[in-house]
Amino acid sequence: MSQLLKAEITDCQETGPGVWVTELLAPSLAQAAVPGQFIHIRCGEDSDPLLRRPISIHAVYRRSGLVKIMFQVVGQGTTWLAGRRDGLLDVMGPLGRGFTTLTGEQTGTAAVPRLVVVGGGIGAAPLYFLLQELARAGNAQQVKVLLGARNAEHLLIHNAVKLLGFSVGVATDDGSAGYHGPVTDLLAEELQLKLDYVYACGPAPMLKTLCGMLQYAGVPGEVSVEERMACGVGACLSCVCRVKDAGGMETYRHACVDGPVFAAGEVVW
Amino acid sequence: MSQLLKAEITDCQETGPGVWVTELLAPSLAQAAVPGQFIHIRCGEDSDPLLRRPISIHAVYRRSGLVKIMFQVVGQGTTWLAGRRDGLLDVMGPLGRGFTTLTGEQTGTAAVPRLVVVGGGIGAAPLYFLLQELARAGNAQQVKVLLGARNAEHLLIHNAVKLLGFSVGVATDDGSAGYHGPVTDLLAEELQLKLDYVYACGPAPMLKTLCGMLQYAGVPGEVSVEERMACGVGACLSCVCRVKDAGGMETYRHACVDGPVFAAGEVVW
Amino acid sequence: MNTLVNLGGIVMKNPVTTASGTFGFGLEYQTYVNLQRLGAITVKGTTLKPRLGNPPPRIAETPSGMLNAIGLQNPGVERVAEEIMPQLAALGVPVIINIAGDTLEDYAQVARRLDGVTGVAGLEVNISCPNVKKGGIQFGSDPFTASEVTRAVKSATELPVIVKLSPNVTDLVVMAEAVAGAGADALSMINTLVGIAIDVDRRRPVLGNITGGLSGPAIRPVAVRAVWQVHRAMPLIPILGMGGIMTARDALEFILAGATAVAVGTGNFVNPRATLDVVEGIEHYMKEHSFNEISELVGLAQRDINKE
Amino acid sequence: MNTLVNLGGIVMKNPVTTASGTFGFGLEYQTYVNLQRLGAITVKGTTLKPRLGNPPPRIAETPSGMLNAIGLQNPGVERVAEEIMPQLAALGVPVIINIAGDTLEDYAQVARRLDGVTGVAGLEVNISCPNVKKGGIQFGSDPFTASEVTRAVKSATELPVIVKLSPNVTDLVVMAEAVAGAGADALSMINTLVGIAIDVDRRRPVLGNITGGLSGPAIRPVAVRAVWQVHRAMPLIPILGMGGIMTARDALEFILAGATAVAVGTGNFVNPRATLDVVEGIEHYMKEHSFNEISELVGLAQRDINKE
Ligand SMILES: Cc1cc2nc3c(=O)[nH]c(=O)nc-3n(C[C@H](O)[C@H](O)[C@H](O)COP(=O)(O)OP(=O)(O)OC[C@H]3O[C@@H](n4cnc5c(N)ncnc54)[C@H](O)[C@@H]3O)c2cc1C
Ligand SMILES: Cc1cc2nc3c(=O)[nH]c(=O)nc-3n(C[C@H](O)[C@H](O)[C@H](O)COP(=O)(O)OP(=O)(O)OC[C@H]3O[C@@H](n4cnc5c(N)ncnc54)[C@H](O)[C@@H]3O)c2cc1C
Ligand SMILES: Cc1cc2nc3c(=O)[nH]c(=O)nc-3n(C[C@H](O)[C@H](O)[C@H](O)COP(=O)(O)O)c2cc1C
Ligand SMILES: Cc1cc2nc3c(=O)[nH]c(=O)nc-3n(C[C@H](O)[C@H](O)[C@H](O)COP(=O)(O)O)c2cc1C
Ligand code: FES
Ligand code: FES
């Protein structure tokens with residue numbers, strides 16, 4: 001269950017250009033969190049910036065009670081956050097509906113399902129926690145991780161993911177590492193073979209392309225979307241995402257409680 | 001001349017209950033400042049708190065280019081300031097009209113004039129810089145310093161002032177150090193003998209009493225007042241202080257440019 | 001110490017409620033707030049038919065404030081009465097339902113439907129909606145239409161009726177007098193100020209709806225002024241004050257200016273426990289300053305001010 | 001790159017000026033700002049006779065804003081014309097003088113006195129002053145009296161006349177139309193919002209004057225909305241936009257919404273170099289996004305928005 005808590009900042013490091021990883025001591029959060037969920041962070045004690053900032057849970061270490069977040073400095077709130085090296089952080093969480101971490105049983109196949117995890121830019125952040133869970137479930141062999149970035153320098157989590165035992169494909173916009181082009185091109189290759197499920201997080205244009213590809217290939221999957229949020233708990237109705245309901249009717253769902261993870265086929269781009 | 005500058009914070013220490021001293025490396029400020037002047041400090045990068053905070057210059061070390069401020073944590077801005085241990089501080093200064101540091105010549109007496117410096121509570125902050133200058137002028141013998149505070153724990157600058165060679169009288173509201181009662185009682189004693197000039201800074205009620213005493217005794221002096229300030233440079237007309245002009249007519253003067261130091265007889269309480 | 005207040009017939013054990021649209025139906029905040037500690041729960045704007053609301057983005061952050069253009073997304077009065085009220089009624093806390101509509105008849109029908117529903121303690125009438133019949137002019141910006149809405153709602157229900165005033169008018173007192181004259185039992189103020197934020201990179205408005213309602217600490221001085229002016233002109237009508245309340249001290253500004261009760265809105269998003277912090281902070285203040293009755297504080301800051 | 005603008009006859013080499021009352025007579029900021037880099041200097045509100053202003057405290061800080069009740073302290077038009085203008089004229093920067101009065105005749109006399117004074121490039125008419133003859137009702141909240149003031153000033157001077165609108169009205173477009181119809185060469189908006197802050201410890205208003213004018217970033221969304229609405233309704237009249245501008249991005253919000261020029265007010269207190277930072281930031285933005293003419297940006301955020 002989500003809580004309002006003061007989590008102790010135990011570490012804060014810049015891990016990429018303008019990308020920071022902050023480590024929090026927050027046992028209750030570590031216990032309750034599911035990959036794809038987020039925490040809602042108050043950035044400062046004054047009223048500017050006013051609203052909390054939603055940041056995905058990047059990594060969880062249940063035994064030590066540690067939780068990590070990984071974020072890109074883009075504005076007021078994240079600038080403030082990157083400046084915190086110790087002290088307490090005011091957070092709400094875990095919030096939202098996370099990824100469904102598939103086991104063979106869930107997909108209904110006897111064998112371990114073949115999964116692909118696709119991350120674009122800072123969208124890789126929540127995927128590391130997902131991969132931690134998949135690694136714990138012991139099916140790293142059947143998971144392919146595809147990571148896209150602007151260039152080699154901006155690549156995130158690829159080394160850490162390899163250490164978890166996953167096979168990683170890399171794509172960069174400028175070809176400075178791996179494939180020269182969009183990461184969805186790598187997914188297209190993977191879709192040549194039978195695929196059970198795809199998880200993705202990244203910029204909206206990438207997710208839009210990816211959802212189109214999955215629909216065409218008839219492969220199910222889940223994507224994590226970003227919407228502007230105020231409350232984070234379903235009360236303010238600000239974070240709407242346009243979806244198709246079961247009957248194909250378009251309606252709004254709320255990214256903070258119905259998401260941020262939605263079924264790939266559900267989202268209307 | 002006043003400047004807008006980024007001063008490096010070289011130290012920040014709590015020197016009393018909720019009272020902090022921050023040291024800044026600011027050679028131009030150290031060169032230009034006169035006792036009684038203040039600096040106008042931006043507290044944060046965001047828009048809450050919005051306005052700068054005026055804080056008196058507490059001590060100046062011209063050779064090393066260091067300037068100290070001493071402040072009481074009372075609200076948003078000073079809380080922020082007390083949290084700064086390093087980095088750059090956005091300050092404007094030196095601002096305002098400071099104390100007239102008297103020499104024998106100025107008072108027209110051949111001998112070194114007999115001066116009394118009276119501080120109440122955090123009002124002691126700017127007086128230390130004044131005393132530094134008086135000590136440099138070499139007339140510590142003829143200066144008596146009177147310091148008032150709530151209790152012994154809240155006494156400020158008394159040890160440092162003794163080190164400068166001044167004789168110090170102390171008064172506390174609860175009698176836990178020195179005289180038991182208001183510091184103005186100590187001034188009354190001093191007024192028994194001939195006095196050339198009195199400098200004072202402290203809470204408004206103390207200054208009001210003091211100005212009355214000086215008027216009655218016919219002793220000239222200067223007091224530093226506090227008014228709410230926005231611009232700090234005479235442009236917004238917010239920091240008005242009611243004064244009597246030369247002809248005895250009441251009018252408004254601006255604490256940021258015409259003060260914060262005013263002639264004791266000028267201020268209308 | 002007695003913190004009980006009577007807001008035009010709605011009896012609250014303390015003066016703190018939630019601002020409509022910022023606290024969902026209350027249940028969303030149950031994890032963080034013991035709802036039974038609240039003086040009342042004011043729920044989101046309810047209309048006759050369900051509404052989908054505006055296209056996103058629906059919010060933008062501004063200095064010490066936010067713009068919202070939710071567009072009255074809500075499940076409609078039928079589901080509120082049938083599905084949501086039973087859950088809320090079980091809490092035993094007075095529930096105030098904020099109602100809205102495009103026509104007078106809409107307002108009346110919603111009010112009628114809620115009359116007698118268990119747990120509903122009163123209605124708050126949001127008159128900042130465009131009047132479809134009068135070419136989109138807001139009910140809330142014209143004294144005559146505002147009084148018509150008030151009358152329509154009053155005659156459709158036995159419940160206490162609070163009319164919520166918009167600050168986007170030249171003279172709030174004129175509006176207050178109009179709706180009080182039409183039978184409003186209490187007034188609430190203020191609704192949001194109309195604002196726009198521009199995305200400088202994309203060179204277009206941030207919000208899908210272009211304009212939005214400004215709320216949060218940024219508007220507090222405007223809201224306190226509204227309460228002050230109306231209480232000064234009409235000291236007898238109870239006022240529910242809101243606009244930028246984050247802490248008990250903020251709430252006390254409203255009470256000292258003349259509000260009988262206060263609502264926490266945007267503050268909930270920043271601090272989900274804000275309502276309870278306000279309740280406790282007011283109790284603490286009363287203890288510290290030896291006030292036995294909350295009513296002693298209402299309008300106290302006006303006491304020594306000469307009547308013009 | 002061309003940043004020259006024509007604000008109803010006042011030719012400015014860039015669109016940036018100062019907001020009246022926040023920059024003194026400019027000279028106070030000379031140490032920090034090369035005044036010759038400014039598009040124009042707008043000086044403090046000037047009245048016929050000198051004024052002492054309101055009793056202190058005159059300001060209160062609020063979240064991302066401040067309340068002021070200076071009360072039009074100024075040395076009177078005679079000294080402004082005789083003593084201050086010669087110093088300002090020497091700078092070679094257009095000077096806009098903000099004028100105020102209690103009666104129509106006051107406004108006309110101040111305007112007449114300034115006509116032909118070297119260095120004065122235009123007048124900005126502050127209509128947010130109470131009309132003594134009409135029982136204290138503000139000139140700025142009634143379209144008829146606002147147009148009367150405009151007419152009185154226009155017929156007393158050959159100078160370009162900017163009328164400064166108050167946001168404390170139900171319909172700003174009605175006010176804009178009224179003063180434009182009466183001959184205003186440009187409009188400036190917005191003046192401050194009326195607000196109150198209460199000192200919770202002393203249980204009385206913070207300001208000596210009780211109410212004050214709210215300025216600063218807090219009001220920016222309201223100000224941008226005002227510019228948007230008026231530019232939409234009256235695309236031909238030039239607008240001087242202001243309210244919470246701290247940076248070039250803030251200024252660009254106003255320009256993209258429809259302002260021909262912008263004024264920095266409260267921002268000067270926070271960053272005394274704010275005006276120059278805005279000038280340089282706008283130039284930088286134009287370079288980065290390949291705009292050659294500042295006029296291309298004016299109202300650009302409205303381009304793809306359907307007319308209702
Ligand atoms: C569920 C969720 C999970 C997220 N997880 C991460 C994460 O793990 N790492 C990470 O770096 N970022 C993440 N984000 C995005 C992050 O919330 C924004 O980058 C952050 O709020 C920006 O705050 P700021 O004050 O620094 O920037 P601002 O100055 O507020 O804005 C900078 C830019 O960010 C955009 N933005 C602001 N708020 C949001 C928001 N709530 N959602 C989307 N865009 C926004 C603005 O439009 C603007 O373009 C997540 C967002 C959501 C909704
Ligand atoms: C010329 C001058 C020199 C000063 N020198 C010192 C100094 O050396 N050391 C020191 O501790 N303090 C000094 N002060 C007072 C100091 O400026 C205020 O304590 C400070 O601005 C409070 O800021 P805050 O954000 O912490 O508190 P806020 O939350 O803004 O306010 C807390 C309290 O301080 C009062 N206050 C706020 N601003 C001012 C102001 N500008 N002037 C007076 N009262 C104010 C408020 O009314 C309130 O009661 C000086 C003030 C002036 C005008
Ligand atoms: C997201 C959001 C939704 C709102 N929805 C409503 C509503 O449905 N009906 C209504 O009368 N007011 C609505 N309001 C206005 C608030 O109830 C309140 O009047 C306003 O936000 C000022 O209070 P605050 O500054 O504490 O938020 C809404 C405000 C926000 C921020
Ligand atoms: C201290 C102060 C004094 C002001 N004096 C005047 C004035 O004399 N005449 C006037 O028309 N506006 C006056 N204003 C209003 C400003 O010119 C401006 O319209 C308003 O502050 C909004 O802009 P800002 O948010 O950038 O400050 C004053 C504002 C402040 C803060
Ligand atoms: S952020 Fe409030 S409903 Fe999702
Ligand atoms: S602070 Fe602006 S005039 Fe003194």
Side-chain angles (χ1 to χ4, degrees), chain C residues 60 62-67 136-138 141-142 166-171 193-205 210-212 214 216-229 244 246 248-250 252-257 285 289 297 300-305 308, chain D residues 60 62-67 136 138 141-142 166-171 193-205 210-212 214 216-229 244 246 248-257 285 289 297 300-305 308:
Chain C
T62 66
S64 297
M66 63 179 281
L67 290 169
I137 289 184
Q138 284 195 0
S141 59
D142 176 63
S166 154
N168 305 292
V169 297
T170 307
D171 192 340
L193 292 163
V194 183
I196 290 182
I198 307 279
D199 183 328
V200 170
D201 296 311
R202 295 166 61 232
R203 290 185 281 281
R204 33 167 301 167
I210 305 177
T211 61
L214 183 64
I219 69 169
R220 199 169 63 227
V222 174
V224 172
R225 184 262 301 169
V227 170
W228 176 289
Q229 285 179 337
M246 307 278 284
R249 291 182 74 84
D250 302 342
L252 284 161
E253 282 199 56
F254 284 85
I255 294 172
L256 292 166
Y285 181 91
H289 293 84
L297 290 169
L300 191 54
Q302 302 214 17
R303 203 172 47 182
D304 302 327
I305 309 287
E308 303 109 286
Chain D
T62 66
S64 297
M66 62 178 282
L67 291 169
Q138 284 195 358
S141 59
D142 175 62
S166 154
N168 305 291
V169 296
T170 307
D171 193 339
L193 292 164
V194 184
I196 291 182
I198 307 279
D199 182 327
V200 170
D201 296 313
R202 295 166 62 230
R203 289 185 281 280
R204 33 167 300 167
I210 305 177
T211 60
L214 182 64
I219 69 168
R220 199 169 62 228
V222 174
V224 172
R225 185 262 301 170
V227 170
W228 176 288
Q229 286 179 336
M246 308 277 285
R249 291 183 73 85
D250 301 343
L252 285 161
E253 283 198 57
F254 284 85
I255 295 172
L256 292 167
Y285 181 91
H289 294 84
L297 289 170
L300 191 53
Q302 301 214 17
R303 202 174 47 185
D304 301 327
I305 309 289
E308 306 109 289

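Everything quoted here is computed from the prediction, not taken from an experiment. Each chain gets a letter, A, B and so on, in the order the sequences are listed, and its residues count up from 1.
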**Prompt:** Heavy-atom distance under 4.5 Å to chain C: side chain of D:Asp250, backbone, both or neither?
**Reply:** neither

**Prompt:** Between C:Ala60, C:Ala197, C:Gly195, which has the largest tally of heavy atom pairs under 4.5 Å with chain D?
**Reply:** C:Gly195

**Message:** Please classify the contact between C:Leu193 and chain D as side chain, backbone, both or neither, with a heavy-atom cut-off of under 4.5 Å.
**Reply:** side chain

**Message:** Under 4.5 Å from any heavy atom of chain D, what part of C:Ile219 do you find: side chain, backbone, both or neither?
**Reply:** neither

**Interatomic spacing from CD1 in D:Ile196 to CD in C:Glu253 - rounded to 0.5 Å** = 10.0 Å

**Fill in**
For D:Arg203 and C:Leu300 the tightest heavy-atom approach is CD-CD2, 3.5 Å

**Message:** To the nearest 0.5 Å, what is the distance between CD on D:Gln302 and CD1 on C:Ile210?
**Reply:** 8.0 Å

**Asked** Contact part of D:Leu214 toward chain C, heavy-atom cut-off under 4.5 Å: side chain, backbone, both or neither?
**Response** side chain

**Request:** For C:Arg249 and D:Asp201, run side chain to side chain contact (heavy atoms under 4.5 Å, CB included): C-alpha distance rounded to whole Å, both residues' side-chain angles, the deciding distance at 0.1 Å, then the answer.
**Result:** CA-CA 9 Å; C:Arg249 291 182 74 84; D:Asp201 296 313; 2.9 Å; yes

**Message:** Counting only non-hydrogen atoms closer than 4.5 Å, does C:Phe254 touch chain D with its backbone (N, CA, C, O), its side chain (CB onward), both, or neither?
**Reply:** neither

**Asked** Quick one: of D:Ser166, D:Gly216, D:Pro205, D:Gly244, who has the most non-hydrogen atom pairs under 4.5 Å with chain C?
**Response** D:Pro205

**Prompt:** Relative to chain C, which segment of D:Ile255 carries a heavy atom at a distance below 4.5 Å: side chain, backbone, both, or neither?
**Reply:** neither

**Request:** Using non-hydrogen atoms and a 4.5 Å limit, figure out which bit of D:Ser141 sits close to chain C: side chain, backbone, both or neither.
**Result:** both

**Fill in**
Of D:Pro63, D:Ala226, D:Gly65, the largest count of non-hydrogen pairs under 4.5 angstrom with chain C goes to D:Pro63

**Complete:** Note: D:Ala218 and C:Ala218 closest approach over all heavy atoms is CB-CB, 3.6 Å

**Item:** For chain D, the option from C:Val224, C:Val200, C:Leu297 that forms the most heavy-atom pairs under 4.5 Å
**Value:** C:Val200

**Request:** Output the option from C:Val222, C:Asn168, C:Asp171, C:Val169 having the highest count of non-hydrogen pairs under 4.5 Å with chain D.
**Result:** C:Val169

**Message:** Counting heavy-atom pairs under 4.5 Å with chain D, which one of C:Leu252, C:Thr62, C:Leu67, C:Val194 comes out on top?
**Reply:** C:Val194

**Heavy-atom side-chain contact between D:Trp228 and C:Thr211 under 4.5 Å** = no

